[in-house]
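Okay, so here's the structure we're looking at.
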Number of protein chains: 2
Amino acid sequence: MGQDSSEEAPSRPLRADARRNVDALVAAAKAVFATSGVDAPVREIAAKAGVGLGTLYRHFPRRSDLVTAVFRHEVDACADEAPVLAAECEPAEALERWLYRCVDFVATKRGLAAALHSGDPAFDALPAYFERRFRPALAALLESAAAAGAIPADLDAMELLQAVSGLCYATDADRPDQARRMVALLVDGLRYRAAERPR
Amino acid sequence: MGQDSSEEAPSRPLRADARRNVDALVAAAKAVFATSGVDAPVREIAAKAGVGLGTLYRHFPRRSDLVTAVFRHEVDACADEAPVLAAECEPAEALERWLYRCVDFVATKRGLAAALHSGDPAFDALPAYFERRFRPALAALLESAAAAGAIPADLDAMELLQAVSGLCYATDADRPDQARRMVALLVDGLRYRAAERPR
DNA sequence: CGATTATATGGAGCGCCGTTCCGCTTATCA
DNA sequence: TGATAAGCGGAACGGCGCTCCATATAATCG
């Protein structure tokens with residue numbers, strides 16, 4: 001699917017060195033965010049990328065733009081796995097496994113969920129992108145599982161998605177299985193309802 | 001249960017002016033947090049209380065101590081409702097209703113959950129206090145419900161608590177019923193398991 | 001009621017943060 | 001190759017949490 005950078009207008013091509021620096025910055029940011037969290041100092045990222053602060057701010061006028069850039073890559077990677085799982089598993093199984101995949105996604109990117117809900121208007125575009133990629137992915141999985149009678153059909157995809165995100169966010173970083181257990185509990189809740197109120 | 005203030009050691013009584021300043025600081029912090037959120041500058045609180053920074057830091061060595069002080073009584077109020085509900089409802093019903101009560105609590109104090117899980121070691125004292133008050137409250141409810149066979153017995157209270165907190169946190173502020181629906185789903189997950197694997 | 005002393009105070013100052021600004025460098029192209 | 005626009009680095013700025021200590025004052029005692 002479209003991995004265009006989606007923020008560079010086609011106005012003019014970047015100069016070669018600029019292009020190189022942008023890539024280095026995104027790579028450095030991804031690494032630093034993974035190590036030190038999204039609150040890591042901007043200077044650290046610039047240093048790791050081997051560029052000056054001016055360069056960083058030329059390409060990412062705000063700190064949050066860097067976060068957004070990294071976030072989009074990860075979102076794409078995760079969303080694209082949904083159809084893969086759907087093709088190789090039973091519907092309910094695919095649903096559960098993709099949710100686990102989301103757990104890993106959020107867990108390793110701790111603080112991203114925090115940014116999403118920080119109320120900071122700088123991140124306003126982020127939930128929209130998240131929703132645009134994830135909602136269809138999950139909706140397809142839910143539909144299949146509902147058609148198979150494994151879960152009820154009245155569940156809103158975004159609602160479940162936000163729940164999973166919250167579950168991961170609230171979970172201890174040093175107990176990675178905890179979030180999975182809670183998600184499993186959520187899915188069992190769906191199964192309970194499917195059994196109680198079969199179509 | 002012990003509602004000692006837990007930071008005034010009984011070593012010596014505070015001097016009169018100090019006592020007055022502590023009260024002024026807590027009142028100012030409560031007002032400022034409500035207006036500008038928990039991330040409001042410390043200086044703003046000190047100014048509103050009419051004291052110097054040194055005074056503020058003497059009584060609340062870390063910013064989070066102020067946050068803790070302000071929210072402490074809210075936590076107590078919520079925790080103290082657990083035994084009340086336990087006395088007037090069926091075990092599973094009491095559990096579910098108290099979790100809803102937690103939802104309301106977290107929903108109104110949005111920034112607090114963020115602070116709790118910010119990963120910032122400065123807020124380490126906060127989760128400790130929440131755990132001290134909430135874990136026993138919830139553990140009692142879980143035990144009763146498990147004894148009645150309504151839910152399985154192998155659930156960790158803190159784990160469930162964190163899950164609920166995360167659910168509330170991830171939820172849209174303008175859709176207050178969403179978190180309740182997700183908590184209900186979680187509880188149904190417990191019912192499912194009790195039915196599948198009765199003791 | 002002073003005098004004494006432990007206690008409390010206030011705010012300048014420190015180091016770190018995100019962000020801005022601008023003189024210098026360099027890729028690009030006729 | 002020289003002109004020019006695009007890009008670059010890092011000093012500097014204001015704001016933050018927090019520390020430090022000279023000063024002020026409530027409590028205590030003769």
Side-chain angles (χ1 to χ4, degrees), chain A residues 5 7-26 28-29 32-33 35-70 111 114-115 118 120-123, chain B residues 7-26 28-29 32-33 36-70 111 114-115 118-126:
Chain A
S5 351
E7 61 204 1
E8 280 106 65
S11 57
R12 275 200 61 148
L14 276 180
R15 232 169 68 173
D17 54 346
R19 177 81 259 156
R20 217 180 315 128
N21 282 333
V22 168
D23 293 343
L25 277 167
V26 171
V32 169
F33 288 158
T35 319
S36 318
V38 278
D39 290 333
V42 168
R43 284 162 166 76
E44 188 180 338
I45 297 168
K48 181 149 205 153
V51 306
L53 269 178
T55 302
L56 187 154
Y57 274 95
R58 156 168 285 264
H59 297 299
F60 303 94
R62 295 173 186 242
R63 217 189 106 66
S64 58
D65 295 330
L66 211 37
V67 177
T68 303
V70 171
S118 63
D120 185 340
F123 291 109
Chain B
E7 64 199 2
E8 282 108 65
S11 56
R12 276 200 60 146
L14 276 180
R15 229 168 69 174
D17 54 345
R19 179 78 258 157
R20 215 180 317 128
N21 283 331
V22 168
D23 293 344
L25 278 167
V26 171
V32 169
F33 287 159
S36 317
V38 279
D39 289 332
V42 169
R43 282 173 228 268
E44 188 180 336
I45 297 168
K48 182 150 203 151
V51 305
L53 267 179
T55 303
L56 188 153
Y57 275 96
R58 156 168 286 264
H59 299 298
F60 303 94
R62 288 177 294 147
R63 223 178 140 289
S64 60
D65 294 331
L66 253 185
V67 179
T68 304
V70 168
S118 64
D120 186 344
F123 286 106
D124 275 356
L126 267 169

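Order of the sequence lines fixes the chain letters, A, B, ..., with proteins taken first and strands second; residue numbering starts at 1 for each chain. Quick note: numbers below take in every heavy atom, side chains included, and nothing from hydrogens, waters or symmetry partners.
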Below 4.0 Å: OP1/OP2 of D:dC8 and any side-chain N or O of A:His59: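 Indeed, a polar side-chain atom of A:His59 lies that close.
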Quick check on C:dG10: is either OP1 or OP2 less than 4.0 Å from any side-chain nitrogen or oxygen of B:Thr55? yes
Rounded to whole angstrom units, what separation is found between the [atom1] atom of [X] and the [atom2] atom of [N]?
| X | N | atom1 | atom2 | answer |
| --- | --- | --- | --- | --- |
| A:Ile45 | C:dC17 | CD1 | C1' | 13 Å |
| B:Arg62 | D:dT19 | CZ | P | 10 Å |
| B:Leu14 | C:dA6 | CG | C1' | 14 Å |
| A:Arg19 | D:dA6 | CZ | C1' | 15 Å |
| B:Asp23 | C:dA8 | CG | P | 14 Å |
| A:Leu25 | D:dG7 | CG | P | 14 Å |
| B:Asp39 | C:dG18 | CG | P | 14 Å |
| B:Asn21 | C:dG10 | CG | C1' | 11 Å |

Heavy-atom pair of closest approach, residues B:Leu25 and B:Val51: CD2-CG2, 3.7 Å
Regarding A:Ala40, tell me which of base, sugar-phosphate or nothing describes its non-hydrogen contacts under 4.0 Å with the strands shown. sugar-phosphate
Please name the residue in the list A:Arg20, A:Arg15, A:Arg19 that meets the salt bridge (Lys or Arg N to Asp or Glu O under 4.0 Å) test with A:Asp17.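 Among A:Arg20, A:Arg15, A:Arg19, the one meeting salt bridge (Lys or Arg N to Asp or Glu O under 4.0 Å) with A:Asp17 is A:Arg15.
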Sequence neighbours left out, what passes side chain to side chain contact (heavy atoms under 4.5 Å, CB included) with A:Arg62? Give chain and number order.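 If we apply the side chain to side chain contact (heavy atoms under 4.5 Å, CB included) test to A:Arg62, skipping adjacent residues, the hits are A:Ser64, A:Asp65.
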Assuming nearest nucleotide by heavy-atom distance, tell me which of A:Arg15 and B:Tyr57 is located more 5' along DNA chain D.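 By nearest-heavy-atom nucleotide position, the 5'-most residue is A:Arg15.
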By nearest heavy atom, map B:Arg20 and B:Pro61 onto DNA chain D; which one lands nearer the 5' end?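 This one resolves to B:Pro61.
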Taking the side chain of [X] as its heavy atoms from C-beta onward, which of [options] lies nearest to it?
| X | options | answer |
| --- | --- | --- |
| B:Leu53 | D:dG9, C:dA8, D:dC18 | D:dC18 |
| B:Arg58 | D:dC8, C:dG18, C:dA8 | C:dA8 |
| A:Asp17 | D:dA26, C:dG11, D:dG7 | D:dG7 |

Could you grab the distance from atom CG of A:Leu53 to atom CZ of A:Arg58, nearest 0.5 Å is fine?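 Taking CG in A:Leu53 and CZ in A:Arg58, the distance rounds to 14.0 Å.
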Here the gap from A:Leu66 atom CG to A:Phe33 atom CZ, rounded to the nearest 0.5 Å, amounts to 5.0 Å
Ignoring hydrogens and geometry beyond distance, is the side chain of A:Arg43 in donor-acceptor contact with the base of C:dG18 at under 3.5 Å?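 Under the 3.5 Å cut-off, the side chain and the base do form a donor-acceptor pair.
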